[in-house]
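Everything on this sheet refers to the single structure shown next.
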There are 2 protein chains.
Amino acid sequence: MNKYPHSTRILVALDCIVFGFDGEELKLLLIKRNFEPEQGKWSLMGGFLEEEEDLEVATNRILYDLTGLKDIYFEEIKTFGKVNRDPVERTLSICFFALINIHAHNQDSAKAQNAYWVDLKNRPNLIFDHNQMVDLALEELRYKAALHPIGFELLPEQFTIPQLQKLYEAIYDSPLDRRNFSRKILSTNLLIDTGEKNQNSTTKKAILYKLDKEKYQSKFNAFHYFISDSMR
Amino acid sequence: MNKYPHSTRILVALDCIVFGFDGEELKLLLIKRNFEPEQGKWSLMGGFLEEEEDLEVATNRILYDLTGLKDIYFEEIKTFGKVNRDPVERTLSICFFALINIHAHNQDSAKAQNAYWVDLKNRPNLIFDHNQMVDLALEELRYKAALHPIGFELLPEQFTIPQLQKLYEAIYDSPLDRRNFSRKILSTNLLIDTGEKNQNSTTKKAILYKLDKEKYQSKFNAFHYFISDSMR
DNA sequence: TTTAATTGTGTAAATTTAACACAATTATTT
DNA sequence: AAATAATTGTGTTAAATTTACACAATTAAA
């Protein structure tokens with residue numbers, strides 16, 4: 001097997017923006033680096049693509065190491081490739097974002113990576129071009145969530161419509177009309193009434209829904225217009 | 001400057017799907033390979049990311065070498081990273097699509113690369129995973145063009161609404177209602193009436209429009225819903 | 001039992017979309 | 001010169017959707 005003789009091999013990293021939702025605010029799972037380079041500073045979770053490892057496998061490995069979860073929803077955003085973006089050595093970064101249920105991930109995995117949930121709005125400064133990556137990820141999340149039902153990935157198995165609304169309000173940092181939102185969501189037919197009601201409520205208890213996984217799969221690529229253009 | 005000692009450096013290629021429109025059909029600019037590997041077979045235009053070259057610069061270099069054009073509209077799609085996707089040596093491919101005005105590019109540049117315009121519908125089989133790349137690129141083009149005014153990138157400076165409609169019909173391989181299409185396009189206020197009319201017509205001459213570049217820039221990220229969901 | 005907060009559902013006006021018809025223009029044919 | 005055929009520009013109406021609201025029901029706490 002002949003190799004390509006005249007070309008340069010380059011380090012390839014994967015960096016992931018992990019979003020979570022605590023019921024009130026959008027959160028990021030960030031690393032307080034206890035290793036070099038840039039020890040002590042904050043960064044995204046990342047890792048290098050290994051010798052005999054498919055790119056997809058590497059992505060799942062990195063997400064698993066951080067969260068202890070498999071089959072996480074993620075989406076590739078962009079490859080960052082400025083020559084000097086990493087001062088140690090030239091490194092490409094294939095950047096993606098992931099959405100997880102903040103209560104489902106393994107705390108020990110996060111602890112092992114020295115990872116902490118941080119409010120998106122009050123996030124610390126990050127190393128290298130990681131700030132730009134987060135900005136872009138938020139943009140992409142907003143774009144995608146306006147049209148496709150990816151928001152559910154951030155919620156627990158069962159959730160109420162008011163919870164879902166709070167999530168969308170957090171994503172777009174804008175208030176939404178309760179009545180119109182509810183109608184829009186229900187009209188997608190993606191929700192199944194579980195018959196149960198939210199217990200931890202101090203006033204009227206809201207209906208608990210779960211996602212209709214089959215319809216979610218089959219209608220995922222349809223447009224839903226959850227959020228109007230003016231809102232984004 | 002310390003290097004990262006234990007990690008693997010990998011070959012990184014860029015492969016681009018170049019779309020064009022001849023007034024009737026969507027076209028692809030493909031390479032009839034007169035070099036190894038896979039000499040004689042068809043492939044996408046590509047190239048390796050070089051040592052001291054920004055990723056963005058490499059993309060523009062490859063597009064320039066193929067078309068003689070600068071400032072081409074392009075969009076990154078995905079990085080293909082299966083270990084064995086290139087049998088010669090492990091190679092990542094950062095894949096993107098580009099839209100050009102088929103009449104504006106430099107024929108000599110294309111000839112130098114042994115590149116030919118091919119009907120998207122009757123395209124030859126391509127090497128490696130390039131077929132998948134084209135499939136994905138078409139999907140992304142359809143997705144993006146349903147919401148954002150990228151179609152104009154495929155047309156000459158001046159164009160008529162019937163021409164534009166033919167383009168959209170080619171992209172979605174579906175007929176569109178002439179009257180509703182015209183209304184939808186005009187309501188974006190992205191078109192400027194040049195006052196001139198299409199000359200090479202055997203019947204009623206259509207109005208020639210040009211793009212309002214300022215509005216195009218500023219409203220690019222707004223949603224336009226050029227194509228309804230059921231159409232895609 | 002009242003109160004306050006929240007949830008579920010309804011309604012009417014405005015806007016947008018979908019489906020369709022007709023008049024105007026131009027090269028070609030009669 | 002008039003008729004023809006193909007194509008273009010614009011208009012209309014009904015249906016569907018969105019927007020901006022109001023009201024009744026539920027629940028824990030006062």
Side-chain angles (χ1 to χ4, degrees), chain A residues 23-24 146-147 149 155-156 158-170 172 174-210 219 222-232, chain B residues 23-24 146-147 149 155-156 158-170 172 174-210 219 222-232:
Chain A
E24 295 297 328
L147 296 167
L155 294 178
Q158 302 206 344
F159 52 86
T160 68
I161 289 186
Q163 267 180 286
L164 187 61
Q165 183 177 338
K166 277 197 173 162
L167 168 60
Y168 277 84
E169 289 178 330
Y172 296 98
S174 315
L176 295 169
D177 183 273
R178 200 165 57 77
R179 295 152 287 193
N180 295 335
F181 180 80
S182 167
R183 186 185 305 109
K184 200 168 254 183
I185 291 293
L186 289 173
S187 75
T188 64
N189 282 106
L190 290 172
L191 299 197
I192 298 173
D193 187 336
T194 63
E196 295 176 72
K197 294 201 166 189
N198 195 16
Q199 282 315 306
N200 53 344
S201 163
T202 149
T203 62
K204 184 169 180 179
K205 296 181 192 332
I207 299 170
L208 279 165
Y209 291 91
K210 62 178 181 182
K219 292 176 68 180
F223 287 165
H224 287 289
Y225 309 124
F226 292 113
I227 302 293
S228 70
D229 195 5
S230 60
M231 189 108 270
R232 289 175 53 248
Chain B
E24 295 296 330
L147 296 167
L155 294 177
Q158 303 206 344
F159 53 86
T160 68
I161 290 186
Q163 267 181 285
L164 187 60
Q165 182 177 340
K166 277 196 174 162
L167 168 60
Y168 277 84
E169 290 177 329
Y172 296 98
S174 315
L176 295 170
D177 183 274
R178 200 166 58 76
R179 295 152 286 191
N180 293 336
F181 179 80
S182 166
R183 186 185 306 109
K184 201 169 255 184
I185 291 294
L186 290 173
S187 74
T188 64
N189 281 105
L190 290 172
L191 300 197
I192 298 172
D193 187 334
T194 64
E196 296 177 72
K197 294 201 169 189
N198 196 15
Q199 282 314 306
N200 50 345
S201 163
T202 151
T203 61
K204 185 171 179 178
K205 295 178 193 336
I207 299 169
L208 279 164
Y209 291 91
K210 63 178 181 182
K219 292 176 68 180
F223 287 165
H224 287 289
Y225 310 125
F226 291 113
I227 302 293
S228 70
D229 195 6
S230 61
M231 190 109 268
R232 292 175 50 248

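Lettering of chains follows the sequences in order, A, B, ..., and the numbering in each one begins at 1.
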Measure the distance from [atom1] on [X] to [atom2] on [N] and round it to the nearest whole Å.
X	N	atom1	atom2	value
A/Leu176	D/dA20	CG	P	12 Å
A/Tyr225	C/dT16	OH	P	14 Å
A/Lys184	D/dA20	NZ	P	11 Å
B/Asn200	C/dT28	CG	P	13 Å
A/Phe223	D/dT17	CZ	C1'	17 Å
A/Phe226	D/dT17	CZ	P	15 Å
B/Phe181	C/dT17	CZ	C1'	15 Å

Exercise. Produce a footprint string for nucleotides 3-12 of chain C: one letter per nucleotide, 5' end first; B if the base is under 4.0 Å from any protein heavy atom, S if only the sugar-phosphate is, - if neither.
Key: --BBBBBBB-
Quiz item: Is atom NZ of B/Lys219 surrounded by more than 12 heavy atoms (other residues, nucleotides or ligands) closer than 6.0 Å?
Solution: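 Count over threshold, so yes.
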Quiz item: Just wondering, more than 12 heavy atoms not from A/Lys210 lying within 6.0 Å of its NZ?
Solution: no
Quiz item: Who pairs with B/Lys205 by salt bridge (Lys or Arg N to Asp or Glu O under 4.0 Å), at least two apart in sequence or on another chain?
Solution: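 Partners of B/Lys205 by the salt bridge (Lys or Arg N to Asp or Glu O under 4.0 Å) criterion come out as none, since no residue qualifies.
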Quiz item: For A/Glu169, what residues pass the side chain to side chain donor-acceptor pair (under 3.5 Å) criterion, not counting sequence neighbours?
Solution: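 Here the qualifying residues are A/Gln165.
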Practice problem: Please work out whether the ring planes of B/Tyr225 and A/Tyr225 are parallel, tilted or perpendicular, with thresholds of 30° and 60°. | Solution: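 B/Tyr225 vs A/Tyr225 ring planes: perpendicular.
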Quiz item: Does some side-chain heavy atom of A/Phe159 sit less than 4.5 Å from a side-chain heavy atom of A/Asn198?
Solution: no
